[in-house]
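Working notes, beginning with the structure itself.
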Amino acid sequence: MAIDFTLSEEQLGLRLQAREFAETVLSQVPDVIAPIPDPLDRFRALKPFYQQMVDAGFVKGLIPVENGGHRFSNLQFALACEELARVEINTPTIVLGTGLGTFPIITAGTPEQKERFLAPFVDGSPALAAIAFTEAAGSANFDHPDPKYGVQTFAVRDGDEWVLNGRKAYTTNASGWDDEGADIISVVCRIDETKPPAESLAIIVVEKGTPGVTFSGIIDTMGHLATNSPYVDFVDVRVPVENLIGAPGDGMALTKGSFSWTCSSIAAAAVGKMRRAFEIAYDFVSTEKRSGSVPVIDHQNAGYMLADIKTRIEVGRYFAWKAADHFDKTGGLDRELSNMSKIYKSELAVQTVYDAMRLVGVDSYGDRVPLGGIMQDVLCLPIYDGGNMGVRRRHLHEMLRTPGYDHLAAAENRLSV
């Protein structure tokens with residue numbers, strides 16, 4: 001049977017919807033946030049655009065049908081991400097952050113937990129979710145087997161409540177629109193400081209307005225300029241014992257699953273940014289002579305570079321599709337291709353945007369050609385959501401060391417281990 005990359009009518013419709021939304025709505029974002037010096041105010045300025053994403057159904061696309069949504073497959077989400085990120089990265093990142101915050105609940109929550117925690121995301125309001133994963137001191141060793149190290153955010157049971165203490169960073173969306181917090185924050189913590197993460201790592205949901213949650217400053221990033229990235233302090237935060245998602249120790253698989261879910265979408269977003277860089281460079285070399293007698297594109301080297309860039313875009317797109325489809329077909333249990341696609345495309349995007357800048361020359365480093373801003377955005381992709389070095393170590397290297405690893409399984413839509 002031949003392999004068919006033809007999109008279904010539903011998939012193509014979603015892709016075209018995302019493209020039109022990006023062109024008509026998200027294209028306005030850069031001019032709105034450009035004059036705003038404060039990163040928190042830039043984030044707040046996105047609220048009307050995020051509301052339009054809610055109205056268009058993108059946030060309901062995160063939520064299962066049985067909970068009032070119309071959850072996208074991983075492939076559908078990737079298709080949308082390419083189109084949205086091509087035009088603007090900040091507003092789609094809010095959706096991605098909300099997806100991360102709701103993923104553990106959707107994956108391992110009880111029916112009662114799903115009904116309670118997911119309700120704000122289907123009522124039409126600009127609700128936000130976040131995952132509080134990264135420790136203020138870094139989380140490269142969040143799964144360290146020695147309980148003295150790793151995650152230092154702890155939850156201690158006191159009767160019918162968990163008492164949370166710790167500090168997190170880069171918690172996208174966490175401070176919310178009004179500094180009172182996201183509607184829900186899924187906190188990666190440990191419930192026993194004497195036990196390793198395999199036994200003690202957990203995810204506990206903290207709802208908006210819970211006493212003891214404070215936000216101690218926004219990290220002003222060089223790209224993703226309107227993304228909400230606060231430090232979050234949890235000081236004697238009390239939540240019901242029912243806010244624990246799954247069981248103690250499930251935090252390991254839920255955390256890895258959450259960030260693996262985003263991988264193919266980040267790969268697709270990288271393709272979108274590469275597309276935009278190609279379009280800018282192609283237009284430039286097709287029209288500019290740079291004081292010469294012919295357009296730049298007539299020079300052989302320029303043509304070769306454009307051909308290489310376009311090839312990378314095509315390869316990246318189909319790798320993202322394959323990774324997303326494999327994630328769907330294995331129920332998210334096989335994360336190999338998702339993680340590989342994120343690593344490959346995020347790093348290739350940096351090289352590709354740089355090559356587009358080389359084609360344009362020094363003007364790409366100023367405000368006459370918008371490639372510098374694209375470079376600032378793509379530089380984030382290899383180092384967030386666990387970072388590519390961590391993904392290699394905690395996901396792929398770990399998988400390669402597992403007895404019975406089958407290197408052909410992913411190519412045949414089977415589990416690798």
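Only heavy atoms go into these numbers, but all of them, side chains included; no hydrogens, no water, no symmetry mates.
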Show the numbers, then the answer: is there a side chain to side chain donor-acceptor pair (under 3.5 Å) between Asn74 and Gln76?
CA-CA 6 Å; Asn74 208 242; Gln76 287 176 307; over 6 Å; no
Less than 4.0 angstrom from a charged side-chain N to a carboxylate O is my criterion; do [X] and [Y] meet it?
| X | Y | value |
| --- | --- | --- |
| Arg275 | Glu83 | yes |
| Glu398 | Lys256 | yes |
| Lys148 | Glu193 | no |
| Arg312 | Asp355 | yes |

Classify the angle between the aromatic ring planes of His407 and Tyr405 as parallel (below 30°), tilted (30 to 60°) or perpendicular (above 60°).
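Taking Tyr405 first and then His407, their aromatic rings sit tilted (interplane angle of 30° to 60°).
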Does any part of the side chain of Arg394, heavy atoms only, come nearer than 4.5 Å to the side chain of Phe142, both counted from C-beta?
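Yes, close enough: below the 4.5 Å cut-off.
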Working note: Ser27 + Glu88, criterion side chain to side chain donor-acceptor pair (under 3.5 Å); need CA distance, chi angles, decisive distance, verdict.
CA-CA 7 Å; Ser27 59; Glu88 201 273 316; over 6 Å; no
Has the side chain of [X] got a donor or acceptor atom that lies under 3.5 Å from a matching backbone atom of [Y]?
| X | Y | value |
| --- | --- | --- |
| Thr102 | Gly99 | yes |
| Asp250 | Ala247 | yes |
| Glu180 | Lys208 | no |

Are Asn388 and Ser346 close enough, and set up right, to give a side chain to side chain donor-acceptor pair (under 3.5 Å), and what steps lead you there?
CA-CA 9 Å; Asn388 286 358; Ser346 62; 2.9 Å; yes
Just to verify, which of Thr91, Leu46, Val25, Ile94 counts as forming a side-chain contact (heavy atoms from CB on, under 4.5 Å) with Met53?
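Among the candidates, only Thr91 passes.
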Can you spot which of Asp385, Asn228, Thr227, Ile131 makes a side-chain contact (heavy atoms from CB on, under 4.5 Å) with Thr172?
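Option passing the side-chain contact (heavy atoms from CB on, under 4.5 Å) with Thr172: Thr227.
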Pair Tyr170, Phe133 - check ring-ring contact (aromatic ring centres under 6.0 Å, His included), show working.
CA-CA 8 Å; Tyr170 293 102; Phe133 165 67; over 10 Å; no
Quick one: are the ring centres of Phe58 and Phe21 less than 6.0 Å apart?
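Under 6.0 Å, so yes.
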Show which side-chain atoms of residues 212-220 pair as donor or acceptor with protein atoms under 3.5 Å away, not counting sequence neighbours.
from	atom 1	to	atom 2	distance (Å)
Ser216	OG	Arg167	NH2	3.0
Ser216	OG	Asp233	OD2	2.7
Asp220	OD1	Arg42	NH2	3.0

Only pairs under 3.5 Å count here: list side-chain donor-acceptor contacts from residues 117-125, not counting sequence neighbours, and write none if there are none.
from	atom 1	to	atom 2	distance (Å)
Asp123	OD1	Ser125	N	2.9
Asp123	OD1	Ser125	OG	2.7
Ser125	OG	Pro120	O	3.3

